[in-house]
Amino acid sequence: MARFEHTVTVAALDRHWFEEAAGAVVDLFEGSREQGGVILLPDGRPIHGLRLLKGRHLQPGARYGEAPEEDGKPGAPGAPVVREATVLREWRPSRTVEVESLMSEESLAVRVGVRLREPRTPRALEVSLDGHNPKGGSLYRFSGRAGADLHAWWAALDRPSSAPPAARAPVVGRAVHRLAKARLTVTPRPADDGSWQVSVVLSVRGRWLLRPVAAVALVVLVRKPVERGFREGVDSAAEEWAGMLAELPSLHGEALRAQIADELTAS
């Protein structure tokens with residue numbers, strides 16, 4: 001098994017703002033309605049890029065996309081035809097919201113499932129990923145699962161900065177392929193200046209008959225490039241986080257709700 005670890009310092013996200021924004025998004029969708037396939041917010045403005053393709057709005061099985069599938073047109077000659085849609089599996093704003101995104105093209109089919117518990121004040125996020133090449137065998141199949149315990153995340157950040165990191169990582173992800181499997185954990189702790197120190201740990205293990213071969217290859221041949229790529233990936237994610245925070249509005253109440261509605265309807 002090969003193990004890689006990297007810690008970055010990032011700006012903190014205000015919990016109260018995050019939960020207020022999440023609640024505003026849920027309330028806007030809860031108050032939305034469908035008209036001729038177009039999804040309208042409570043004020044009557046259409047949500048940009050979202051149409052109801054099949055089923056009833058906000059009912060399990062409802063299928064959404066950018067345009068009716070039968071109206072889709074292929075791109076340039078020779079370009080792959082990509083089909084995408086999002087299916088609502090559950091809509092209970094006080095308890096659970098679950099959606100499933102489907103994407104397929106000639107050489108790849110991917111299903112991504114997202115479940116958010118207690119979405120108005122998010123408690124936990126679960127993500128699943130399954131993919132395969134429709135024309136390939138088992139070597140072209142992969143899957144992954146990840147879970148974020150948001151209550152545990154905030155609890156870890158409420159600890160004194162001098163305290164040791166939380167014993168149990170609030171974010172855990174696993175990926176499986178026929179030749180290898182990986183486990184990723186993310187653990188935050190508060191810094192003295194109010195920012196967050198986030199430790200990311202990646203463990204990779206070979207599977208089946210390739211287990212000893214993969215272990216030797218990782219340790220002897222490719223450990224340094226893999227470790228460098230892992231660190232660069234974590235650093236890049238930290239930079240994207242900083243950019244995202246810089247774009248978030250510092251608003252509350254009706255002003256925040258209005259800003260979110262503007263973003264949803266902007267073309």
Side-chain angles (χ1 to χ4, degrees), residues 10-34 39-50 52 57-60 62 64-65 86-101 112-129 145-159 166 168-173 185-190 194-196 198 237-238 240-266:
V10 299
L13 171 65
D14 181 77
R15 176 180 183 176
H16 299 294
W17 183 92
F18 168 72
E19 293 182 344
E20 183 181 0
V25 171
V26 172
D27 288 342
L28 284 169
F29 276 95
E30 176 71 0
S32 67
R33 66 186 189 278
E34 179 265 339
I39 308 303
L40 304 176
L41 290 181
D43 63 8
R45 289 184 294 170
I47 298 179
H48 176 69
L50 183 66
L52 179 67
H57 180 48
L58 296 184
Q59 295 296 315
Y64 299 87
T86 298
V87 180
L88 182 65
R89 295 303 182 192
E90 187 173 1
W91 179 263
R92 293 188 295 172
S94 62
R95 298 184 61 182
T96 306
V97 170
E98 182 177 358
V99 297
E100 183 179 80
S101 294
V112 179
V114 178
R115 173 181 289 181
L116 185 60
R117 299 187 182 277
E118 298 183 17
R120 283 196 170 93
T121 54
R123 177 177 181 178
L125 176 67
E126 300 168 9
V127 180
S128 63
L129 169 69
R145 301 289 184 274
D149 184 335
L150 299 179
H151 280 197
W153 179 276
W154 300 118
L157 291 165
D158 284 340
R159 297 156 63 93
R168 181 173 174 269
V171 179
V172 179
T185 63
V186 183
T187 306
R189 61 184 302 180
S195 59
W196 296 349
V198 181
E240 291 181 6
W241 173 266
M244 181 194 70
L245 285 188
E247 295 178 358
L248 293 179
S250 56
L251 303 172
H252 293 277
E254 287 302 317
L256 176 60
R257 179 187 173 94
Q259 179 65 38
I260 293 173
D262 288 343
E263 294 293 334
L264 289 172
T265 57

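These numbers come from the heavy atoms of this one structure, side chains and all, not from hydrogens, waters or symmetry mates.
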Exercise. Considering residues at least two apart in sequence or located in another chain, which fulfil the side-chain hydrogen bond (donor to acceptor under 3.5 Å, both in side chains) criterion with Glu100?
Worked result: Arg89, Arg111
For this session: Mind checking the CG-CG spacing from Leu256 to Leu248? Nearest 0.5 Å is all I need.
Result: 9.5 Å
Problem set entry | Listed once per pair and sorted, the side-chain hydrogen bond (donor to acceptor under 3.5 Å, both in side chains) pairs that draw on residues 19-32, sequence neighbours left out | Arg15-Glu19, Glu20-His252, Asp27-Arg120, Glu30-Trp91, Ser32-His57
Seminar exercise, completed: Contacts of Ala152 meeting side chain to side chain contact (heavy atoms under 4.5 Å, CB included) (sequence neighbours excluded), chain-then-number -> Asp149, Pro170
Exercise. Can you name the residues that form a side chain to side chain contact (heavy atoms under 4.5 Å, CB included) with Thr185, not counting sequence neighbours?
Worked result: Ala169, Val172, Arg183, Val201
Seminar exercise, completed: When rounded to the nearest 0.5 Å, the distance separating CZ of Arg45 from CG of Leu264 is 9.0 Å
Exercise. Does Leu40 have any side chain to side chain contact (heavy atoms under 4.5 Å, CB included) partners at least two apart in sequence or in another chain, and if so, which?
Worked result: Arg33, Gln35, Val38, Pro46
Exercise. Between Val10 and Ser195, which heavy-atom pair has the shortest distance, and what is it?
Worked result: O-CB, 3.2 Å
Problem set entry | Val127 vs Leu125 side-chain heavy atoms within contact, under 4.5 Å | yes
Seminar exercise, completed: Sorted by chain and number, sequence neighbours left out, side chain to side chain contact (heavy atoms under 4.5 Å, CB included) with Gln259 holds for Pro249, Leu251, Glu263
Exercise. Quick one: does Phe29's side chain get under 4.5 Å of Pro93's, heavy atoms only?
Worked result: no
For this session: Using side-chain hydrogen bond (donor to acceptor under 3.5 Å, both in side chains) as the criterion, list what pairs up with Glu34, not counting sequence neighbours.
Result: none
For this session: I would like to know whether Tyr64 and Ile39 meet side chain to side chain contact (heavy atoms under 4.5 Å, CB included); could you show each step before the answer?
Result: CA-CA 10 Å; Tyr64 299 87; Ile39 308 303; 4.0 Å; yes
Seminar exercise, completed: Residues passing the side-chain hydrogen bond (donor to acceptor under 3.5 Å, both in side chains) test with Arg95, sequence neighbours excluded, are none
For this session: Not counting sequence neighbours, list each pair that qualifies as a salt bridge (Lys or Arg N to Asp or Glu O under 4.0 Å) and has a residue in residues 247-258.
Result: none
Problem set entry | Residues in salt bridge (Lys or Arg N to Asp or Glu O under 4.0 Å) contact with Arg159, at least two apart in sequence or another chain | none
Exercise. Roughly how far, to the nearest 0.5 Å, is CG of Asp262 from CG of Leu41?
Worked result: 9.5 Å
Problem set entry | Atom pair CG/CG of Leu157 and Leu13 - distance to nearest 0.5 Å | 10.0 Å
For this session: With side chain to side chain contact (heavy atoms under 4.5 Å, CB included) as the test, would you mind laying out the steps for Thr265 and His48 before giving the verdict?
Result: CA-CA 5 Å; Thr265 57; His48 176 69; 5.7 Å; no
Problem set entry | Atom of Pro190, atom of Ala156 and distance for their closest heavy-atom approach | CD-O, 3.6 Å
Exercise. Parallel, tilted or perpendicular for Trp153 and Trp196, by the 30°/60° rule?
Worked result: perpendicular
Problem set entry | Nearest heavy-atom neighbours spanning Ala11 and Leu245 | O-CD1, 3.5 Å
For this session: Sequence neighbours left out, what passes side-chain hydrogen bond (donor to acceptor under 3.5 Å, both in side chains) with Arg145? Give chain and number order.
Result: Asp130
For this session: Quick one: list whatever passes salt bridge (Lys or Arg N to Asp or Glu O under 4.0 Å) with Asp14, sequence neighbours left out.
Result: none
Seminar exercise, completed: Heavy-atom closest pair (Pro119 atom, Ala22 atom, distance to 0.1 Å) is O-CB, 3.7 Å
Exercise. To the nearest 0.5 Å, what is the distance between NE2 (His151) and CZ (Arg123)?
Worked result: 6.0 Å
